[in-house]
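Below is one structure, written out as structure tokens; the observations come after it.
Lettering of chains follows the sequences in order, A, B, ..., and the numbering in each one begins at 1.
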Amino acid sequence: MTIKIAVIQFPGSNCDFDAVHVLNNVMNVDAELIWHNNFKEAHFDGCIIPGGFSFGDYLRAGIIAAHSPAIDEARVMLKDGRPIIGICNGFQILTEARFLPGALLRNESLKFICKWVNIKVENNKTAFTNRIEKDSVLSIPIAHAEGRYFTDNLNELEDNDQIVVKYTNKRGEISEESNPNGSLENIAGVCNLEKNCIGLMPHPERASESILSPKGTTHGKLFFESMIEFIKKRGF
Amino acid sequence: MPKVKSNGTELKVDLTDKEITQIKELLNREPSITEWGMFDVMHSEHCSYKSSRPKLKFFENAEKNYDRVLAGPGQDAGVIDIGDGYCLAFRIESHNHPSAIEPYHGAATGIGGIIRDILCMGVRPIALLDPLRFGTLKNNPHSQWLLKYVVKGIADYGNCTGIPTIGGEVEFDESFESNCLVNVACIGLGTIEDFNHAPSRAYHPGDYVILMGGSTGRDGIHGVTFASRTLTEMSEADRPAVQIGDPFTKKMIIEATIEAIKTGHVRGLKDLGGGGISCALSELTGEGGTGALIDMANIFTREPGMTSFEIMLSESQERMAFIVKPEGLEDILAIFKKFEMSHAVIGRTDDSGVLKVRDGENLVVNLPSTALSDAPTIQREEKSPDYLDALHKQKTPEPTKELKEIMHALISSENICSKEWIYRQYDHEVGVRSVVKCGEGDSGVLRIIGTDKFIAASVGTNSKHCFLDPYEGAKGGLVETCGNVIANGARPLAMVNCCNFGNPEKPESYWYFSKALDGINDFCRTLKIPIVGGNVSFYNEDEVKNTSIKPTPVIMIVGIIEGAENIITLPFKKPGNDILLIGETKGELGGSEYHSVIYGTEGGVPPKINESIIKATWEFLLELYSKNLVEANHDVNKGGFIITIAEMCFKNKLGANLDLTDSNVNDLRDDIFLFSESAGRFVIESATKEHDIIMEIAQQHGVLVRKLGNIIPEPKIIVRGLKENDIFLDVIKLKELHASTLPDLMEI
Amino acid sequence: MSKDENWIVEIVLENKPAARDPVGTVIQKDLLAKKGYEMVSNVRSGQYLRIYLTANDANDARIIIDKMCNELRIFNPVTQNLTILNVFKT
Amino acid sequence: MSKDENWIVEIVLENKPAARDPVGTVIQKDLLAKKGYEMVSNVRSGQYLRIYLTANDANDARIIIDKMCNELRIFNPVTQNLTILNVFKT
Ligand SMILES: Nc1ncnc2c1ncn2[C@@H]1O[C@H](COP(=O)(O)OP(=O)(O)O)[C@@H](O)[C@H]1O
Ligand SMILES: [Mg+2]
């Protein structure tokens with residue numbers, strides 16, 4: 001049997017094809033693009049909420065998609081412990097749907113930012129980081145206008161090990177210069193209490209093939225490899 | 001403006017008396033007010049190209065002369081066959097006037113429009129580029145405001161639709177202060193089958209005409225007339241409300257359209273842009289040799305009570321017209337429902353050759369399908385401006401500053417400095433195709449997933465050069481944009497252009513246009529580059545000074561790279577490697593950055609183009625690539641080769657040790673040699689052991705190559721062998737100046 | 001008994017102080033750069049929505065909007081405050 | 001004689017009525033209508049600003065703000081309208 005991953009397509013998703021491409025052609029799993037109204041969780045071992053501008057990001061990034069029936073389906077997966085990742089707009093959707101804590105606000109600069117950054121892995125015990133060494137520094141791009149992570153409950157996140165990755169410099173040091181958008185504590189990705197659901201502002205699907213990477217790295221793949229590993233361990 | 005009357009209603013039209021008489025003769029009756037409105041729009045400069053068509057005649061045979069051209073000028077976009085069953089569509093367009101008064105929505109809807117043009121060739125839009133012109137930024141809040149919101153408009157629209165902006169170009173010059181230029185280009189990729197599925201013609205009677213997308217509102221009526229006059233001629237009150245773009249709806253339109261085309265049921269496709277429904281329907285039926293009966297009642301409107309005139313002429317954004325086979329209707333409607341896109345069957349095609357629009361009992365439009373597209377042309381007068389002679393005679397002053405100081409001033413000048421402030425705001429990677437990204441090379445390079453082919457694209461021209469000599473300047477634009485794709489390893493395949501000029505009714509402005517087109521035409525013919533499309537924007541004038549903008553024939557080139565190993569990038573890579581200058585440096589400083597930044601003058605004689613040398617240089621480089629002899633390449637333009645070398649040092653913080661003793665073949669003064677903008681030159685990095693073979697190949701091609709020195713690991717540039725003192729430059733300092741200029745100007 | 005009158009409710013969503021207000025800050029920075037606006041001491045920004053609805057009366061309109069905003073998370077309680085500015089009949 | 005009182009001016013910038021408002025449309029169509037709020041017929045969105053300033057009187061406050069919005073290009077009269085919602089003393 002092959003692993004089946006759903007890539008959910010909301011009106012306005014635009015990294016949906018990219019995620020499908022990487023899963024199918026780079027990771028060699030069976031990924032399917034599914035229109036949000038047609039998503040049925042029972043057919044899948046995991047799901048990806050891709051980047052983009054669902055419903056134009058009108059009102060607030062992610063909020064309208066968070067009300068889609070696809071999210072109710074995904075909630076079943078969440079409770080069941082299957083892996084779910086929200087990338088960029090997907091992360092925004094998952095915070096608005098309260099799968100994940102906190103919120104993503106407009107970048108401090110008020111500008112969209114597209115660039116490669118470094119992130120450090122703070123927690124490698126999640127469904128998407130179990131194949132990465134803790135404290136490794138990864139090279140990966142961001143592309144967003146609303147990526148400033150905020151929570152009114154930082155202590156709880158820290159106590160529960162819910163911070164997954166942070167923006168750092170090349171050497172893994174957390175500094176203001178390496179914070180591209182004004183995120184609290186340089187947070188770039190978080191997970192739920194159970195660690196089967198994560199949200200990332202950076203785009204692993206854009207960093208999974210060496211030809212796309214300025215330094216020839218493929219660090220984005222690590223997140224998907226971890227997901228596959230996690231699914232294999234659970235049994236599918 | 002003359003007035004026409006119909007049934008007691010009066011309408012101001014932009015038609016000549018002769019046109020008015022001809023229209024009445026053609027119809028043998030008095031047109032309805034809606035029909036008058038349609039003629040008015042379709043005969044506007046923007047839609048009919050009435051002033052420019054006599055010159056554009058030269059372009060008309062691309063399909064015949066080049067096997068790879070599938071669609072040439074006259075279509076919504078040029079389309080070329082790139083092998084393996086794929087085709088590329090591309091086009092460039094101007095959105096200058098709306099952007100000059102509302103930079104955010106003006107630029108955004110410009111992007112919206114160019115995306116539609118590509119989409120209606122049946123292919124997926126995969127990349128955007130944005131050549132821009134503004135007044136100088138320093139101490140100029142107006143220009144800063146325009147740049148800030150134009151970039152934001154492009155970013156918000158392009159990013160949301162998921163089409164990466166992979167490159168662009170920008171120049172700052174006083175002449176663009178009140179009339180900025182916002183040109184936008186788009187590239188689409190699809191299979192040749194997709195392209196064949198959806199011509200922008202309605203060839204078959206009995207097909208359904210479907211309108212899909214946004215609703216029709218009162219906004220933007222007469223947008224094209226607006227684009228066909230100067231900003232001063234249109235008072236605030238006359239100006240149509242600038243359109244509000246809706247990138248989210250556009251994204252849905254893209255997905256729904258592509259899904260619809262894949263069914264094979266779509267037989268014709270047309271975007272609604274300038275002239276709205278009128279223009280789309282008359283082109284579909286007129287060029288397809290059919291007619292159609294449209295029922296106005298089925299057109300969904302945004303506000304109640306819109307008249308037939310308003311509906312037929314509305315330029316509301318985000319709408320597409322589909323011509324669909326009867327048996328495919330259900331499937332197509334189901335797709336539009338899935339995407340929750342508003343849509344309506346508004347009529348059917350027939351074989352009458354007449355376009356009829358019914359408003360209740362009345363036929364408000366009843367015109368031969370071809371009537372609207374047969375606009376007359378106007379032969380404009382041309383005359384070279386009197387001021388040019390004096391300008392050409394200006395000499396480069398004796399330098400009053402140290403060369404090092406000049407270098408610092410040039411590298412931090414608005415036109416040479418880094419454009420990162422702009423492209424960071426663009427998602428240039430969505431689509432996972434971007435292989436050479438903004439700032440990493442002279443052009444944007446995209447992979448075609450599933451093949452080992454890559455597309456390289458570049459846009460640009462040098463407005464200062466064109467101002468002094470439009471013929472050589474336009475050729476120079478071609479040399480530069482072709483040079484940009486060649487620098488990345490590509491062979492130029494085809495071009496489109498966007499001609500931005502002043503008022504064509506002024507003989508001087510028309511002369512610029514005419515000469516620039518001669519230049520484009522001569523160059524492309526000699527170098528066998530098919531011209532597959534273009535766009536003309538006239539009436540770009542400075543409102544206050546009542547002078548024209550600098551003539552700006554923007555060129556867009558796409559090229560193809562076969563094989564990932566043949567992609568070349570800009571940064572120097574390895575200390576010890578040779579630095580070679582390809583091409584001859586002459587004393588060509590007319591319209592140079594050196595003149596304008598250091599002396600505040602813009603005269604002199606601009607670079608001349610020698611096609612046979614250009615051709616030899618390209619063939620020489622392509623041969624070096626095929627033998628894997630080039631490690632880095634960057635073409636030389638503004639600021640001269642020394643600026644080129646500095647830029648190549650930046651990324652990897654390397655340096656250069658140069659000895660120029662033997663390279664100044666024309667014995668030029670030091671400053672003239674260093675900062676000359678002679679066209680068609682490149683700086684390449686190659687391994688020292690390959691020096692002799694490279695020189696041998698150069699000799700075979702008759703190309704001048706000089707070794708300037710070597711790459712060094714320390715970030716400094718040492719220049720020896722000049723007539724006067726040696727120069728020592730700090731790369732980190734130069735890089736800092738290069739990077740900080742725009743942010744410092746923009747983030748006051 | 002329903003009267004079904006036409007009402008307009010105006011609401012504003014603002015960031016809580018902890019979530020900061022970059023838009024307001026930028027305007028203020030611009031003001032400082034431009035001389036002559038020393039009388040302005042502070043600028044705060046928010047998102048404004050004008051909602052057209054049918055309701056029995058003003059109170060009903062208010063209740064509907066209040067419920068809607070909470071139920072649909074029109075404002076994000078982690079980062080935003082919601083204010084009903086005005087309720088009026090058309 | 002200047003009184004220099006403390007005032008608050010609340011303003012809204014929104015697209016002109018004839019122009020579209022994609023934000024409002026999507027909120028109404030893709031969120032409210034789908035979640036059972038059919039009584040809402042239309043939503044228009046805008047940018048809200050609350051400005052704290054000293055002025056002689058309400059009218060003075062109004063004039064200052066109007067000038068400021070034009071001069072700082074906080075809105076573009078080509079596509080947007082500026083409405084002063086409220087002016088009040090603190
Ligand atoms: N308006 C723009 N939009 C996007 N990218 C731009 C723009 N202007 C310049 N760039 C990018 O900045 C880089 C350098 O541009 P430019 O200085 O024009 O190149 P060149 O060295 O060929 O003259 C290129 O990658 C180019 O695509
Ligand atoms: Mg170049």
Side-chain angles (χ1 to χ4, degrees), chain A residues 9-22 24-26 33 35-38 50-59 61 64 87-89 107 109-117 140-146 180 202-215 220, chain B residues 124 126 148 151-152 154-165 245-252 254-256 259 338-341 420-440 445-447 449-450 452 454 564-565 567 569 571 651 743 746-747:
Chain A
Q9 187 180 37
F10 291 100
S13 296
N14 66 29
C15 305
D16 43 354
F17 299 108
D18 303 1
V20 170
H21 159 73
V22 168
N24 283 339
N25 304 332
V26 181
L33 191 63
W35 186 244
H36 70 130
N37 286 333
N38 305 338
F53 289 74
S54 57
F55 297 95
D57 273 4
Y58 298 154
L59 184 56
I64 299 181
I87 301 168
C88 197
N89 191 233
N107 296 347
S109 65
L110 298 177
K111 287 200 202 68
F112 190 96
I113 304 171
C114 177
K115 74 172 189 191
W116 282 68
V117 298
I140 196 164
I142 54 166
H144 59 247
E146 295 181 41
H203 284 273
E205 81 283 12
R206 297 185 186 183
S208 296
E209 297 163 272
S210 59
I211 193 164
L212 298 179
S213 157
K215 293 182 198 135
Chain B
R124 175 178 286 280
I126 60 160
K148 180 174 172 188
V151 169
K152 190 165 167 41
I154 293 169
D156 284 356
Y157 204 105
N159 297 350
C160 183
T161 48
I163 305 171
T165 302
D246 179 3
F248 169 58
T249 300
K250 175 58 53 63
K251 170 69 176 162
M252 293 295 90
I254 295 172
E255 298 308 329
E259 218 172 290
K338 167 183 158 187
F339 287 98
E340 299 179 37
M341 292 313 302
E420 180 166 353
W421 185 90
I422 299 175
Y423 60 70
R424 281 286 160 252
Q425 299 187 52
Y426 299 151
D427 188 343
H428 47 260
E429 298 194 287
V430 58
V432 290
R433 296 187 183 89
S434 307
V435 171
V436 177
K437 307 176 213 285
C438 295
E440 289 175 5
V445 178
L446 299 172
R447 63 173 171 170
I449 296 173
D452 199 17
F454 298 81
E565 66 286 357
I567 299 170
T569 57
K651 167 115 189 274
M746 295 302 295
E747 319 274 323

Ignoring hydrogens and angles, tell me if any N or O in the side chain of [X] forms a donor-acceptor pair with the backbone of [Y] under 3.5 Å.
X	Y	result
B:Thr569	B:Pro571	no
A:Asp57	B:Phe248	no
B:Asn159	B:Asp427	yes
A:Asn107	A:Pro180	no

Heavy atoms of other groups near A:Lys115 NZ, more than 12 under 6.0 Å: no

Distance, nearest 0.5 Å, that separates [atom1] of [X] from [atom2] of [Y]:
X	Y	atom1	atom2	answer
A:Glu205	A:Asp16	CD	CG	10.0 Å
B:Ile126	B:Leu446	CD1	CG	5.0 Å
A:Phe55	A:Asn89	CZ	CG	10.5 Å

Among [options], who wins on heavy-atom pairs under 4.5 Å with chain A?
options	answer
B:Lys250, B:His428, B:Glu420, B:Lys152	B:His428
B:Glu340, B:Lys651, B:Lys338	B:Lys338
B:Val435, B:Val430, B:Ile254	B:Val430
B:Gly431, B:Ala564, B:Ala155, B:Cys438	B:Gly431

In terms of heavy-atom proximity below 4.5 Å to chain B, should [X] be classed as side chain, backbone, both, or neither?
X	answer
A:Ser13	backbone
A:Tyr58	side chain
A:Asn37	side chain

Heavy-atom distances under 4.5 Å only: say whether [X] touches chain A with side chain, backbone, both or neither.
X	result
B:Arg433	backbone
B:Lys437	side chain
B:Ile449	side chain
B:Thr161	backbone
B:Phe454	side chain
B:Glu255	side chain
B:Asp246	both

For B:Met252 against A:Gly12, the heavy-atom pair lying closest together: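 Minimum heavy-atom separation between B:Met252 and A:Gly12: CE-N, 3.2 Å.
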
Residue among A:His203, A:His144, A:His21 with most heavy-atom pairs under 4.5 Å to chain B: A:His21

Whether A:His36 and A:Phe10 hold their rings parallel, tilted or perpendicular, with breakpoints at 30° and 60°: tilted

